[in-house]
Amino acid sequence: MANDRRKTGGGTADGPSANTMWGGRFAGGPAAIMQEINASIGFDKRLAPQDIAGSKAHARMLAEVGLLTREDARTIVAGLDTIASEVAAGRFKWSVALEDVHMNIEARLKELIGEPAGRLHTARSRNDQVATDFKLWVRDQIDDIDRALAGLQAGLADKALAHAGVVMPGFTHLQTAQPVTFGHHLLAYVEMLARDRGRFADARTRLNECPLGAAALAGTSFPIDRHRTAGELGFDRPTANSLDSVADRDFALEALAAATITAMHLSRLAEEIVLWLSAGFGFIRLSDRFTTGSSMMPQKRNPDAAELIRAKTGRISSAFHTLILVMKGLPLTYSKDMQEDKEATFDAFDSLALVVAAMTGMVNDMEPEPETMRRAAMGGYATATDMADWLVQAAGVPFREAHHITGRAVALAESRKISLDELSEDDMRRLDPRLTGAVKAVLSVAASVASRKSHGGTAPQNVRKMARAWIKRLAKADGPG
């Protein structure tokens with residue numbers, strides 16, 4: 001395999017084509033295993049669109065400042081456009097012997113246009129080139145993920161509005177706590193995703209400085225215009241320190257941290273979908289589009305998409321840990337270790353894009369089982385807090401005392417295997433004279449959720465108002481929620 005790969009460069013590892021990129025310093029070529037570990041073209045060819053965009057901007061800038069003739073710049077840009085077409089069509093021939101995406105594109109450019117191709121690398125290094133390419137790629141991924149998350153938020157908000165009044169149990173410790181509404185539960189994830197989008201937006205703001213022109217590490221003696229290059233590539237400004245420019249991978253780490261938290265949020269929702277779809281809950285339905293069957297048990301409907309979302313969270317978070325461990329011991333500036341920044345990052349964003357798409361599909365597909373949810377909400381004495389609140393509001397009982405009275409009421413009802421609203425008025429008066437039959441008006445699950453009108457509460461009117469606000473906001477917003 002290694003020998004076959006070496007031949008793709010047009011010569012052997014010991015021949016002149018193996019070390020052309022290094023100039024006259026090396027008389028011989030690398031050992032086969034060295035070539036195998038050193039080459040990154042197997043994965044960094046994915047940066048070809050960004051590399052070509054950076055090179056075009058660099059060529060135009062060189063012409064503007066007089067380091068290239070305008071004719072050479074036009075020739076270079078036209079050649080790069082040809083290469084971009086070849087890459088997009090899958091016709092570009094990648095060579096392992098040329099190590100990376102930069103040298104592959106430069107070699108092909110020389111084949112296409114000849115001598116002017118050699119002038120393109122004036123005032124830049126592969127160090128600032130790859131930092132620029134990688135920033136551009138991460139920025140593109142952030143923009144794509146932001147749009148996808150906005151779509152998921154919209155799906156959740158639509159579903160929340162449609163089911164704003166569907167009562168379900170709210171849980172703490174996975175024990176029935178208080179009744180809530182299905183719409184309110186879904187809107188909780190809309191809020192989480194808004195924070196996720198905010199984290200990505202923050203990361204994007206910080207990364208949006210252009211490293212190109214920092215050269216290998218010290219800047220350049222050529223009179224280049226880094227502000228022009230930065231502007232053409234959509235950056236806010238050039239980076240301020242040449243050492244930091246080529247040594248920095250914070251932009252990828254921040255994006256991966258945001259991706260990890262996003263994946264964690266989606267994993268939590270995935271876990272709830274798994275629970276809700278199980279026979280023990282039966283809270284929702286998913287169609288055949290997002291479930292699978294069993295090869296042995298014909299009755300099974302498995303939530304495989306949700307389970308895989310849970311699992312991919314580990315894969316995404318591991319990318320962050322991989323990169324931070326790569327970077328933790330590196331002195332300034334560039335070290336070859338940093339070649340290991342891309343594969344894990346590529347994989348993490350591929351996985352996150354898939355996870356968001358799958359979750360969006362499931363959210364749009366799922367439908368609640370309102371009666372099953374309502375019955376579950378009635379269990380576990382979920383309206384006990386409403387009894388305590390009534391004692392406070394109607395009878396002026398201090399909350400701690402009301403809590404103890406209600407606890408005794410729950411114990412009595414539990415001993416008789418009845419609900420709180422099935423206790424007789426005599427039972428209630430014996431528990432405490434201030435506890436009258438009027439309390440029964442607040443003990444239904446519908447009354448409980450309707451009473452939670454405080455800002456951010458689960459009352460259906462709150463949910464409808466908030467869902468509509470999110471739908472309107474998402475329909476017109478260009479940026480994070």
Side-chain angles (χ1 to χ4, degrees), residues 159-188 272 275-276 280-285 367-467:
K159 195 72 69 173
L161 181 60
H163 303 292
V166 173
V167 178
M168 67 177 288
F171 299 97
T172 62
H173 309 279
L174 205 55
Q175 304 295 311
T176 299
Q178 290 178 277
V180 296
T181 64
F182 187 52
H184 192 56
H185 197 114
L186 296 179
L187 287 179
E272 297 205 290
L275 289 172
W276 293 345
F281 281 77
F283 285 2
I284 61 168
R285 301 185 306 277
E367 292 296 331
E369 296 281 7
E371 185 55 31
T372 303
M373 286 184 170
R374 188 187 68 81
R375 285 197 305 269
M378 291 170 62
Y381 302 99
T383 58
T385 304
D386 297 276
M387 176 180 280
D389 290 348
W390 183 89
L391 282 165
V392 172
Q393 295 179 37
V397 179
F399 182 79
R400 280 298 165 207
E401 186 179 352
H403 186 281
H404 288 300
I405 294 167
T406 302
R408 294 199 303 271
V410 169
L412 178 60
E414 194 172 38
S415 70
R416 295 182 180 177
K417 294 183 170 49
I418 59 175
S419 63
L420 280 175
D421 61 353
E422 290 176 317
L423 289 171
S424 68
E425 291 191 35
D426 287 342
D427 289 333
M428 291 184 181
R429 276 194 296 270
R430 281 194 292 271
L431 287 165
D432 190 279
R434 294 164 293 187
L435 194 58
T436 70
V439 73
K440 292 192 177 186
V442 303
L443 295 181
S444 71
V445 291
S448 176
V449 296
S451 72
R452 309 293 172 185
K453 297 177 183 177
S454 60
H455 182 75
T458 193
Q461 68 185 61
N462 284 14
V463 174
R464 292 186 185 96
K465 180 180 179 181
M466 187 58 70

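Nothing here was measured: the structure is a model prediction, and the numbers come from that model. These values consider heavy atoms only, across backbone and side chains, with no hydrogens, waters or symmetry-generated copies.
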Peer 1: May I ask you to test the Ile405-Arg434 pair for a side-chain heavy-atom distance under 4.5 Å?
Peer 2: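 Ile405 vs Arg434: side chains touch.
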Peer 1: Looking at Arg464 and Ala164, would you say the former's side chain and the latter's main chain have a donor-acceptor pair under 3.5 Å?
Peer 2: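 Checking the backbone N and O of Ala164 against the side chain of Arg464, no donor-acceptor pair under 3.5 Å is found.
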Peer 1: Counting C-beta onward and ignoring hydrogens, is there a side-chain heavy-atom pair between Phe283 and Pro169 closer than 4.5 Å?
Peer 2: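 Side-chain contact under 4.5 Å: yes.
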Peer 1: So how far is it from Leu420 CG to Thr406 OG1, rounded to the nearest 0.5 Å?
Peer 2: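 Between Leu420 CG and Thr406 OG1, I get 8.0 Å after rounding to 0.5 Å.
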Peer 1: Please name all residues satisfying side-chain contact (heavy atoms from CB on, under 4.5 Å) with Ala438, sequence neighbours left out, ordered by chain then number.
Peer 2: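 By the side-chain contact (heavy atoms from CB on, under 4.5 Å) rule, Ala438 matches Trp390, Thr436.
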Peer 1: Would a 4.5 Å heavy-atom cut-off, applied to side chains only, mark Arg416 and Asp427 as touching?
Peer 2: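 Counting from C-beta outward, Arg416 and Asp427 do come under 4.5 Å.
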Peer 1: Hey, could you give me the CG/CG distance between Leu161 and Leu186, rounded to the nearest 0.5 Å?
Peer 2: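 So the CG of Leu161 and the CG of Leu186 are separated by 11.5 Å.
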Peer 1: Is it the case that over 12 heavy atoms from other parts of the model lie below 6.0 angstrom from the CE atom of Met428?
Peer 2: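 Enclosed: over 12 neighbouring heavy atoms sit under 6.0 Å from CE of Met428.
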Peer 1: If we only count heavy atoms from C-beta on, is the Met387 to Leu443 side-chain gap below 4.5 Å?
Peer 2: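 Sidechains of Leu443 and Met387: in contact.
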Peer 1: With rounding to the nearest 0.5 angstrom, report the NE2 to CG distance, His404 to Leu431.
Peer 2: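 These two atoms lie 14.5 Å from each other.
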Peer 1: When you compare the side chain of Arg429 with that of Leu435, does any pair of heavy atoms fall below 4.5 Å?
Peer 2: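 No; the side chains remain at least 4.5 Å from each other.
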Peer 1: Is there a side-chain contact between Met466 and His184 in this structure, where contact means two heavy atoms from C-beta onward sitting under 4.5 Å apart?
Peer 2: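 Answer no - side chains too far apart.
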Peer 1: Please list all pairs passing the salt bridge (charged side-chain N to carboxylate O under 4.0 Å, His left out) test where one or both residues lie in residues 452-462, with sequence neighbours left out.
Peer 2: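 Salt bridge (charged side-chain N to carboxylate O under 4.0 Å, His left out) check on residues 452-462 returns Asp386-Arg452, Asp389-Arg452.
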Peer 1: Kindly compute the distance separating CD (Gln461) from OG1 (Thr181), expressed to the nearest 0.5 Å.
Peer 2: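 Reported to 0.5 Å precision, the distance equals 11.5 Å.
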Peer 1: Under a plain distance cut-off of 3.5 Å, with no hydrogens placed, do Ser419 and Asp421 share a side-chain donor-acceptor pair?
Peer 2: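 Side chains of Asp421 and Ser419: pair found under 3.5 Å.
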Peer 1: Backbone N or O of Ala409 within a donor-acceptor pair of the Tyr381 side chain at under 3.5 Å?
Peer 2: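 No, Tyr381 side chain to Ala409 backbone: no donor-acceptor pair under 3.5 Å.
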Peer 1: For the pair Thr383 (side chain) and Ser444 (backbone), establish whether a donor and an acceptor sit closer than 3.5 Å, ignoring hydrogens and angles.
Peer 2: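 No: the side chain of Thr383 does not pair with the backbone of Ser444.
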Peer 1: Would a distance-only check, ignoring hydrogens and angles, find a side-chain to backbone donor-acceptor pair under 3.5 Å from Lys440 to Glu425?
Peer 2: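 Flag not set: sc Lys440 to bb Glu425 has no pair under 3.5 Å.
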Peer 1: Quick one: closest heavy-atom pair of Pro368 and Arg285, and the distance?
Peer 2: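 What the structure gives for the nearest pair is O-NH1, 3.4 Å.
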Peer 1: Going by heavy atoms in the side chains, are Glu272 and Phe171 under 4.5 Å from each other?
Peer 2: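 SC-SC contact between Glu272 and Phe171 ruled out.
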Peer 1: Just verifying a value: how many Å separate Ile284 CD1 and Glu369 CD, rounded to the nearest 0.5 Å?
Peer 2: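 Rounded to the nearest 0.5 Å, the CD1-CD separation comes to 9.5 Å.
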